[in-house]
Structure formats: structure tokens, C-alpha cells
Student: 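One structure, as C-alpha cells, below. Some questions next.
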Amino acid sequence: MPTAVLTDRERTAVQAYLRLLHTVRAAFDTPSGPPGTPGAPMVPPAVLAEAENALARAGLTGNEEEFFRMLRDWHPEP
């Protein structure tokens with residue numbers, strides 16, 4: 001249960017980060033080439049841009065400590 005009250009922009013930043021995290025996890029779980037061929041996972045640039053823009057709008061660019069504190073408070077790990 002969240003313990004912090006986030007602004008709309010902060011909540012949007014957290015949600016964009018979670019989408020990015022899930023996209024990266026899915027990219028690592030999905031083979032990117034023929035079987036047996038190592039390949040780099042592909043993350044769509046739009047997903048990364050969405051997260052970066054959301055952080056900037058929330059005033060959290062360069063303040064990762066504050067952002068991850070909010071993330072832990074709002075979305076604690078199981």
C-alpha cells in the first residue's frame with residue numbers, strides 16, 4: 001500500500017518508469033535473433049523517451065534518490 005501522496009506528474013513518472021522496466025525485462029526474455037545467436041535486446045526508443053520526459057516534467061531529472069524513494073513508497077516490492 002502506498003504511503004506517499006504523489007502529484008499527478010510524479011505518479012506519471014513512476015508509471016512511465018514501471019512501463020520502461022517491464023519493457024526491458026520483456027526484451028531480455030525475448031530472443032532477438034535466430035536460435036543460438038546472441039543478440040542485444042531491443043527497447044523501443046519511445047518507451048525510454050516517455051520515461052525521461054515524465055521525469056523532467058515532474059522535476060526529478062538528476063534527482064534519482066528522490067525518485068527511487070517515491071517509487072519504493074508507491075510501489076513496494078512484493
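Values below: all heavy atoms of this structure, side chains included; hydrogens, waters and symmetry mates excluded. Everything numeric here is computed off the predicted structure, so don't read it as measured data.
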Student: Check whether any side-chain heavy atom of R11 lies under 4.5 Å from a side-chain heavy atom of Q15, and answer yes or no.
Tutor: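 A side-chain contact under 4.5 Å exists here.
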Student: What distance separates E52 CD from Y17 OH, expressed to the nearest 0.5 Å?
Tutor: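 If we round to the nearest 0.5 Å, E52:CD and Y17:OH are 13.0 Å apart.
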Student: If we only count heavy atoms from C-beta on, is the R9 to L60 side-chain gap below 4.5 Å?
Tutor: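 Answer no - side chains too far apart.
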Student: With a 4.5 Å limit on heavy-atom distance, are the side chains of M70 and L6 in contact?
Tutor: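 Contact flag for M70/L6 side chains = yes.
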Student: In Å, rounded to the nearest 0.5 Å, how long is the span from NE2 of H22 to CZ of R25?
Tutor: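 Going from NE2 on H22 over to CZ on R25, the span is 5.5 Å.
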Student: Step through the shown structure and confirm whether more than 12 heavy atoms of other residues, nucleotides or ligands are within 6.0 Å of CZ on R19.
Tutor: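 Result for CZ/R19: enclosed.
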Student: Check A16 against A51 and note the closest heavy-atom contact, atom names and distance.
Tutor: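 In this case the closest contact between A16 and A51 is CB-CA, 3.8 Å.
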Student: Can you measure from OG1 (T7) to CZ (R57) and round to the nearest 0.5 angstrom?
Tutor: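 One finds 11.5 Å between OG1 of T7 and CZ of R57.
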Student: I would like to know whether E50 and L20 meet side chain to side chain contact (heavy atoms under 4.5 Å, CB included); could you show each step before the answer?
Tutor: CA-CA 8 Å; E50 175 196 19; L20 174 62; over 6 Å; no
Student: Which heavy atom of P44 sits nearest to which heavy atom of T23, and what is that distance?
Tutor: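 Scanning both residues completely, I find the closest heavy atoms to be CD-CG2, 3.7 Å.
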Student: Answer yes or no: is there a side-chain heavy-atom contact under 4.5 Å between E10 and V14?
Tutor: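 E10 does not reach V14 side chain to side chain.
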Student: Atom OG1 of T12 and atom CG of N53: how far apart are they, to the nearest 0.5 Å?
Tutor: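 The distance works out to 12.0 Å.
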